[in-house]
Asker: 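Below you'll find the structure I mean.
Reminder, nothing fancy here: chain letters follow the sequence lines and each chain counts from 1. Predicted model only: the values in this text are computed from it and were never measured.
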There are 2 protein chains.
Amino acid sequence: MIQQQNTETEIKIIAAATEIFLQKGKDGARMQEIANKAGINKALLHYYFRSKDKLFEKVFYKEVRTMLNTTLDSVTETDNFEKFLKLFISNYIDNVALRKNLFRFIFWESENFMKNVTDQFSQVFKNLGFQQNPVISKVKKAIADGQIRKLDPNNFALSLISMCLFPIIAAPVLSKVATQLDVDNLRFWKKRKQEIFNLIWNGIKP
Amino acid sequence: MIQQQNTETEIKIIAAATEIFLQKGKDGARMQEIANKAGINKALLHYYFRSKDKLFEKVFYKEVRTMLNTTLDSVTETDNFEKFLKLFISNYIDNVALRKNLFRFIFWESENFMKNVTDQFSQVFKNLGFQQNPVISKVKKAIADGQIRKLDPNNFALSLISMCLFPIIAAPVLSKVATQLDVDNLRFWKKRKQEIFNLIWNGIKP
DNA sequence: GTCTATACATCGATAGAC
DNA sequence: GTCTATCGATGTATAGAC
């Protein structure tokens with residue numbers, strides 16, 4: 001497939017559409033608002049992208065790719081699993097925090113949207129090499145090396161990502177429901193990283 | 001405040017509105033569709049609830065209360081922390097799974113919606129007694145009893161909830177991105193419960 | 001309280017000039 | 001490619017009969 005040259009206007013539109021869609025969702029987004037933010041008018045939007053659906057699809061696919069790459073970007077090359085784990089927790093939390101709207105958006109829209117595009121999606125995911133999730137590979141190797149005890153690598157990776165990702169998505173709720181956490185404070189996240197590592201590494205046995 | 005008697009029609013409307021809002025969000029929901037599902041017409045909808053905003057507000061508040069109570073409902077009374085933990089993980093996953101749309105909905109709508117109602121919200125949360133979150137109380141007691149090692153109760157509770165809740169919200173994505181997990185299969189969740197407990201209890205040290 | 005009919009606003013999309 | 005102007009559809013909300 002030949003990668004088409006993107007015009008400057010096209011880039012501005014995508015950037016504006018991404019921002020609006022991630023904040024308000026597909027239904028809440030307004031073509032007028034996207035046009036305004038891109039510094040153009042509605043007619044030009046439809047000239048470049050036939051419809052709102054098509055524009056959304058472009059943005060959604062691009063952002064899914066970004067979401068998956070966020071995991072890859074957080075992996076540091078090292079054979080010391082303890083070191084890898086500490087760095088991954090820190091990097092992943094930082095990377096996700098920079099894109100909190102993206103993750104909220106994906107988990108919200110995914111169900112309604114995917115129903116019609118299941119097939120293409122599986123393709124996209126496989127093409128990105130998520131099947132060989134690097135976190136899971138690291139875990140398998142660490143078990144083989146005897147660096148950690150035997151456990152299910154898939155569930156471990158899921159737990160690890162859950163503990164890092166969920167608090168960021170839930171932050172708006174947590175700041176109201178669990179004020180003692182002080183999730184708006186940077187110090188919370190510094191401590192959070194340590195606590196995640198400690199729990200994973202040591203468990204809670206006395 | 002006097003609790004008003006809810007008419008049968010009012011109950012039908014709230015039930016219909018809840019279902020539609022949770023599935024499609026505030027912007028995606030259509031008053032016509034809510035009316036249809038409630039077996040009435042649009043005019044009557046506005047007769048009972050002045051506007052879509054007011055109807056949404058009613059539903060949102062009610063569902064937030066349900067969300068918080070889900071945590072309370074999952075707590076079993078026992079002084080054995082190991083037993084408590086096993087039961088909580090199982091109950092909480094089951095309870096959240098029954099309301100997966102609710103949790104997706106809350107984390108999505110919370111940010112945009114809460115901006116205008118911050119004050120009232122804090123009130124609601126406090127009134128529900130979430131400040132004395134029973135999970136955190138249990139953890140504190142278990143530490144005092146020497147049943148578990150010393151750790152930060154708030155972060156522990158957050159990690160516990162993250163590991164149970166996040167996979168359920170993320171299931172639509174995971175079923176595409178991590179097919180090996182087989183999240184649509186009941187056996188996955190049975191194993192998931194065990195793996196969460198094992199990780200928390202034992203850590204990963206060899 | 002419940003309905004039909006309709007007003008009024010807004011949004012996505014297009015026509016047509018430049 | 002970019003604009004103004006506008007169409008047609010749809011959505012929220014209301015008027016008014018029963």
Asker: Using whole Å, what does the distance between atom P of nucleotide C/dG12 and atom NZ of A/Lys24 come to?
Answerer: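 Checked: the NZ to P distance equals 12 Å.
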Asker: For B/Phe49, is the NZ or CZ atom of B/Lys54 found under 6.0 angstrom from the centre of its six-membered ring and inside 45 degrees of the ring axis?
Answerer: no
Asker: What one-letter contact string describes nucleotides 5-10 of chain C from 5' to 3', where B marks a base within less than 4.0 Å of any protein heavy atom, S marks contact via sugar-phosphate atoms alone, and - marks no contact?
Answerer: ------
Asker: For A/Glu8, which residues count as a salt bridge (charged side-chain N to carboxylate O under 4.0 Å, His left out) partner, sequence neighbours excluded?
Answerer: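 Not a single residue meets the salt bridge (charged side-chain N to carboxylate O under 4.0 Å, His left out) criterion with A/Glu8.
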Asker: Rounded to the Å, how far apart are A/Lys26 NZ and C/dG12 C1'?
Answerer: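 Distance, rounded to whole Å: 12 Å.
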Asker: What is the distance from CD1 of A/Ile34 to P of C/dA13, rounded to the nearest Å?
Answerer: 11 Å
Asker: Tell me which pairs pass salt bridge (Lys or Arg N to Asp or Glu O under 4.0 Å) where either residue lies in residues 159-169 of chain B, with sequence neighbours left out.
Answerer: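 As it turns out, there is no salt bridge (Lys or Arg N to Asp or Glu O under 4.0 Å) pair with a partner in residues 159-169 of chain B once direct neighbours are skipped.
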Asker: Could you tabulate the donor-acceptor pairs under 3.5 Å formed by side-chain atoms of residues 82-90 of chain B, not counting sequence neighbours?
Answerer:
| from | atom 1 | to | atom 2 | distance (Å) |
| --- | --- | --- | --- | --- |
| B/Ser90 | OG | B/Lys193 | NZ | 3.2 |

Asker: Categorize B/Tyr47 for me: base, sugar-phosphate, or nothing, with a 4.0 angstrom heavy-atom threshold over every strand shown.
Answerer: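 If one applies the 4.0 Å heavy-atom cut-off, B/Tyr47 turns out to touch a base.
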Asker: How close or far is atom P of C/dT14 from atom NE2 of A/His46, stated in whole angstroms?
Answerer: 7 Å
Asker: Check side chain to side chain contact (heavy atoms under 4.5 Å, CB included) between B/Asn185 and all other residues, then give those that pass, not counting sequence neighbours.
Answerer: B/Asp182, B/Arg187
Asker: Show me the pairs that pass salt bridge (Lys or Arg N to Asp or Glu O under 4.0 Å) and involve residues 159-172 of chain A, at least two apart or across chains.
Answerer: none
Asker: Identify whether any heavy atom of B/Ala35 sits under 4.0 Å from a base atom; if not, whether one sits that close to sugar-phosphate; answer base, sugar-phosphate or nothing.
Answerer: nothing
Asker: Throw together a table of side-chain donor-acceptor distances under 3.5 angstrom for residues 159-175 of chain B, partners on residues two or more places apart or in other chains.
Answerer:
| from | atom 1 | to | atom 2 | distance (Å) |
| --- | --- | --- | --- | --- |
| B/Ser159 | OG | A/Arg192 | NH1 | 3.1 |
| B/Ser159 | OG | A/Arg192 | NH2 | 2.9 |
| B/Ser159 | OG | B/Asn155 | O | 3.1 |
| B/Ser162 | OG | B/Leu158 | O | 2.7 |
| B/Ser175 | OG | B/Pro172 | O | 3.1 |

Asker: Would you please name every residue forming a side chain to side chain donor-acceptor pair (under 3.5 Å) with B/Glu63, sequence neighbours left out?
Answerer: none
Asker: Starting from C1' on C/dC11, measure out to CG on A/Asn41 and report it in whole angstrom.
Answerer: 15 Å
Asker: Using chain B heavy atoms and a threshold of under 4.0 Å, write down where along DNA chain D the contacts begin and end, 5' to 3'.
Answerer: D/dG11 to D/dA15
